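Nothing here was measured: the structure is a model prediction, and the numbers come from that model. Computed over heavy atoms, backbone and side chain alike; hydrogens, waters and symmetry mates excluded. In the text below, chain A, chain B and the rest are named by the order of the sequence lines, each starting its count at 1.
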Amino acid sequence: AQRVTQPEKLLSVFKGAPVELKCNYSYSGSPELFWYVQYSRQRLQLLLRHISRESIKGFTADLNKGETSFHLKKPFAQEEDSAMYYCALSGQYGNKLVFGAGTILRVKS
Amino acid sequence: GAGVSQSPRYKVAKRGQDVALRCDPISGHVSLFWYQQALGQGPEFLTYFQNEAQLDKSGLPSDRFFAERPEGSVSTLKIQRTQQEDSAVYLCASSPVLRTIYNEQFFGPGTRLTVL
């Protein structure tokens, strides 16, 4: 079965502090992993995907197949990072996305 | 350019009513997805179209849910005899070209359905 687990409903940090949003997955095969973000009053949008190995807005995520994790990290949080973050997977060359329940990130000044 | 649009943005229905939710994908996008997002949850897959062909409807929760995309562009999700458990945000997403590797899904703003 395909499943994505985000254990934290809410993560609250101070501006400038490091951030780590946790994501674990269950998939029998080689999935593609993504982070989607939804800012206040905006639509869901792609933040980054593991296959690209890129850093977007200072965020990075490393796929750890041994631990079946894809945690999202940023060394110094900014107030504009406050949003809802969803981890998602798709079967390799698959189509539908399987989402986690999401984590609200609040960055306090 | 214009993104994915959905209408109506909000819909209130009485239990037992039929509703129709519309999705206008980005022009030229081949793939179209519908997701259901209950309060406090992540989006859950409902169904997938490639052009006008419905290739996957494994996520539709019951036979009261029906989706179509007759001309390979606009799609409609219809829910018959709505129930309170159908209350959710319904998201539409579109994606360009055919799949060889993952193509980014572009999401609409969603339709919030409330069944009283």
Side-chain angles (χ1 to χ4, degrees), chain A residues 1-10 21-27 29-54 56 63 70 72 83-105, chain B residues 2-7 9-10 23-26 29-51 53-60 67 69 88-112:
Chain A
Q2 302 177 20
R3 186 165 54 244
V4 175
T5 302
Q6 294 179 252
E8 302 140 329
K9 278 284 188 187
L10 171 66
L21 300 172
K22 291 185 171 21
C23 172
N24 288 87
Y25 66 90
S26 173
Y27 185 79
S30 297
E32 299 176 40
L33 272 296
F34 313 90
W35 278 97
Y36 274 77
V37 61
Q38 187 167 25
Y39 300 102
S40 179
R41 288 186 290 277
Q42 294 188 26
R43 59 188 67 190
L44 198 58
Q45 59 186 286
L46 179 67
L47 179 62
L48 55 80
R49 68 196 84 179
H50 91 269
I51 200 168
S52 300
R53 297 186 173 274
E54 55 196 350
I56 303 293
L63 179 61
F70 188 57
L72 183 68
M84 173 70 90
Y85 291 80
Y86 294 97
C87 182
L89 71 76
S90 179
Q92 198 173 29
Y93 304 138
N95 40 46
K96 65 185 179 186
L97 290 168
V98 176
F99 287 89
T103 297
I104 299 170
L105 174 63
Chain B
V4 178
S5 61
Q6 294 186 244
S7 61
R9 292 293 313 279
Y10 303 91
C23 172
D24 284 81
I26 294 172
H29 277 197
V30 170
S31 298
L32 186 145
F33 304 82
W34 283 99
Y35 295 87
Q36 179 190 59
Q37 186 172 21
L39 189 64
Q41 301 296 318
E44 290 192 4
F45 171 79
L46 292 176
T47 187
Y48 160 63
F49 291 86
Q50 194 172 90
N51 295 309
Q54 189 174 20
L55 299 187
D56 186 347
K57 53 181 180 179
S58 62
L60 296 176
R69 194 187 184 197
V89 175
Y90 290 85
L91 296 170
C92 176
S94 69
S95 182
V97 299
L98 295 176
R99 296 191 51 82
T100 52
I101 60 174
Y102 176 79
N103 287 301
E104 178 180 349
Q105 293 186 25
F106 295 83
F107 282 82
T111 294
R112 182 178 296 277

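With rounding to the nearest 0.5 Å, the separation of OG in S5(B) from CZ in R43(A) is 8.0 Å. Annotation: the span from Q105(B) atom CD to F34(A) atom CZ amounts to 8.0 Å, rounded to 0.5 Å.
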For the pair F45(B) and Q2(A), evaluate side chain to side chain contact (heavy atoms under 4.5 Å, CB included) and give the outcome as yes or no after the intermediate values. CA-CA 12 Å; F45(B) 171 79; Q2(A) 302 177 20; over 6 Å; no
Would you sort out whether L97(A) and F33(B) count as a side chain to side chain contact (heavy atoms under 4.5 Å, CB included), showing the intermediate values? CA-CA 9 Å; L97(A) 290 168; F33(B) 304 82; over 6 Å; no
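Contact annotation for F106(B): neither backbone nor side-chain heavy atoms come within less than 4.5 Å of a heavy atom of chain A. With a 4.5 Å cut-off on non-hydrogen atoms, Q37(B) touches chain A through its side chain but not through its backbone. Contact annotation for T47(B): neither backbone nor side-chain heavy atoms come within less than 4.5 Å of a heavy atom of chain A.
Looking only at side-chain heavy atoms (C-beta outward), P43(B) and Y86(A) come within less than 4.5 Å of each other.
Around atom CG of L39(B), no more than 12 heavy atoms belonging to other residues, nucleotides or ligands sit under 6.0 Å away. Within 6.0 Å of atom NZ in K22(A), more than 12 heavy atoms from other residues, nucleotides or ligands are found, so the atom counts as buried in its surroundings. In Q38(A), the CD atom is crowded: over 12 heavy atoms of neighbouring residues, nucleotides or ligands sit closer than 6.0 Å. Around atom OH of Y39(A), more than 12 heavy atoms belonging to other residues, nucleotides or ligands sit under 6.0 Å away.
Highest contact tally toward chain A, considering only G40(B), A38(B), G110(B), is held by G40(B) [criterion: heavy-atom pairs under 4.5 Å].
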